[in-house]
Every structure is written in C-alpha cells, then in structure tokens.
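What follows is a short report on a single structure.
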Amino acid sequence: MIIIAGTIDMDPDQREDALEEARDLMGETRTQNGCHHYVWAADGFVPGRIYVFEEWAETDALASHFANRYYKEMLALVGRYRPRRVEVKKYRVDHVEPVYDDKGVPRADFFTAD
C-alpha cells in the first residue's frame, strides 16, 4: 500500500474555487484501478491550505495514475492557481491495523500479528 499525503498552500481567496474545479477530477481518479482513496480537503484553520490524501493498492497502480490524464489535468489545475507552497510525500506502508482493539481501546502500539 502507498499513501500520498501533503499540503498545497494558495491564495485563500482562491481555495474554494480550486477545490470546486478539482471535484470532478477527484471523482474520476477514484475510478482508477488500485485507488482506494483520493481527496483534497480544505484546512479549517489555515486559510488557503488544502490537504491531499491518497491511498493506492501498489506501485503499479500509482504509476498508472501518474501516466493518466487525471493526474496531468490535476497538475495543470494546481498550476493555474499558482500555489505558494506544495509539500506532498509518498509513504510505503508495510503493516496496517485498526486503531481500536477488540475491547474498543485506542492503541498507539501495533498489537496484531503481521
């Protein structure tokens, strides 16, 4: 599994327009093979900040996304809004488990077997 997470900072007066313009592309991207999550969301505390969150099944799915028109159109969209700062990173995930154990207790440690 691969997680893409980060932020895009732009003119606060343009953020809602950018998110609205990105809406259809987000929906279309979610139809791609191996895409489990794909969303841009406004930060409720930092004006002009957008959070990016994606979850991909594996490297080939992400590579296919990068070659797809949805990715290219999203890059062009971001460019039109002249972001002040973009910081987006990818994370390779080797173990996933729930936050809550079988008793409903939130756990910071990893408590299930691989």
Side-chain angles (χ1 to χ4, degrees):
M1 177 187 315
I2 300 169
I3 301 291
I4 305 279
T7 57
I8 301 170
D9 290 337
M10 62 177 52
D11 181 332
D13 293 334
Q14 295 182 329
R15 181 178 68 185
E16 294 310 313
D17 291 341
L19 288 171
E20 183 57 35
E21 190 175 339
R23 184 177 173 78
D24 288 344
L25 282 171
M26 283 187 276
E28 292 167 343
T29 298
R30 290 174 178 213
T31 68
Q32 290 183 275
N33 187 38
C35 180
H36 297 299
H37 300 285
Y38 188 95
V39 67
W40 288 15
D43 184 312
F45 298 97
V46 179
R49 178 162 290 168
I50 294 172
Y51 280 96
V52 175
F53 180 81
E54 306 173 27
E55 182 182 314
W56 295 91
E58 36 89 37
T59 304
D60 289 344
L62 182 58
S64 178
H65 169 62
F66 288 157
N68 189 285
R69 75 171 181 86
Y70 305 139
Y71 176 75
K72 293 172 181 141
E73 289 177 22
M74 197 64 95
L75 280 180
L77 185 155
V78 170
R80 284 194 302 277
Y81 286 94
R82 299 178 187 256
R84 296 173 177 169
R85 186 173 132 304
V86 175
E87 185 175 329
V88 179
K89 298 177 182 176
K90 65 180 180 247
Y91 302 86
R92 187 177 50 232
V93 179
D94 66 351
H95 184 74
V96 176
E97 65 183 31
V99 170
Y100 299 94
D101 66 18
D102 59 357
K103 293 181 174 55
V105 176
R107 303 272 300 263
D109 63 320
F110 285 84
F111 56 91
T112 64
D114 285 338

May I have the list of side-chain donor-acceptor pairs in residues 19-28 shorter than 3.5 Å, sequence neighbours left out?
residue, atom, partner, partner atom, Å
Glu21, OE1, Tyr81, OH, 2.8
Glu21, OE2, Arg80, NH2, 2.2

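Pairs of residues two or more places apart, or lying in two chains, that qualify as side-chain hydrogen bond (donor to acceptor under 3.5 Å, both in side chains) and include a residue from residues 37-59 are Asp9-Arg49, Asp43-Tyr51, Glu54-Trp56.
Leu77 and Ala18 make their closest contact through CD2-O, 4.0 Å (heavy atoms, listed as atom of the first residue, atom of the second, distance). Contact detail for Arg84 and Asp11: the closest heavy-atom pair is NH2-CA, 3.6 Å. Annotation for Glu16 and Ala42: closest pair OE2-CB, 3.9 Å, computed over non-hydrogen atoms.
In this structure, Val99 shares a hydrophobic cluster with Tyr100, the cluster being traced through Ile, Leu, Val, Met, Phe, Trp and Tyr side chains under 4.5 angstrom apart.
Taken from CD1 in Ile50 to CD in Gln14, the straight-line distance is 10.0 Å, to the nearest 0.5 Å. The line from OH of Tyr70 to OG of Ser64 is 10.5 Å long, rounded to the nearest 0.5 Å. Note that CD1 of Ile2 and OH of Tyr91 are 13.5 Å apart. Values are rounded to the nearest 0.5 Å. If you take CZ on Arg69 and OG1 on Thr29, they are separated by 8.5 Å, rounding to the nearest 0.5 Å. Rounded to the nearest 0.5 Å, atoms CG (Asn68) and CG (Leu62) are 11.5 Å apart.
Every residue two or more places apart in sequence or in another chain that forms a salt bridge (charged side-chain N to carboxylate O under 4.0 Å, His left out) with Lys89 is listed here: Glu87. Evaluation of the side-chain hydrogen bond (donor to acceptor under 3.5 Å, both in side chains) rule for Asp102 yields no partner, not counting sequence neighbours. For Ala57, the side chain to side chain contact (heavy atoms under 4.5 Å, CB included) criterion is met by His36, not counting sequence neighbours. Residues passing the side-chain hydrogen bond (donor to acceptor under 3.5 Å, both in side chains) test with Asp101, sequence neighbours excluded: Arg107. Applying the side chain to side chain contact (heavy atoms under 4.5 Å, CB included) rule to Pro47 yields the partners Pro12; only residues at least two apart in sequence or on another chain are considered. Shown here are the side chain to side chain contact (heavy atoms under 4.5 Å, CB included) partners of Lys72, two or more places apart in sequence or in another chain: there are none. For Thr7, the side-chain hydrogen bond (donor to acceptor under 3.5 Å, both in side chains) partners are Arg85, not counting sequence neighbours. Phe110 pairs by the ring pair (Phe, Tyr, Trp, His ring centres under 6.0 Å) definition with His95, not counting sequence neighbours.
Val46 and Val39 sit in two unconnected hydrophobic clusters of ILVMFWY residues. Membership requires side-chain heavy atoms under 4.5 Å apart, directly or through other members. In the hydrophobic clustering of ILVMFWY residues, with side-chain heavy atoms under 4.5 Å counting as a link, Phe66 and Met1 come out together.
Heavy-atom contacts from other residues, nucleotides or ligands closer than 6.0 Å to CZ of Arg82 number 12 or fewer.
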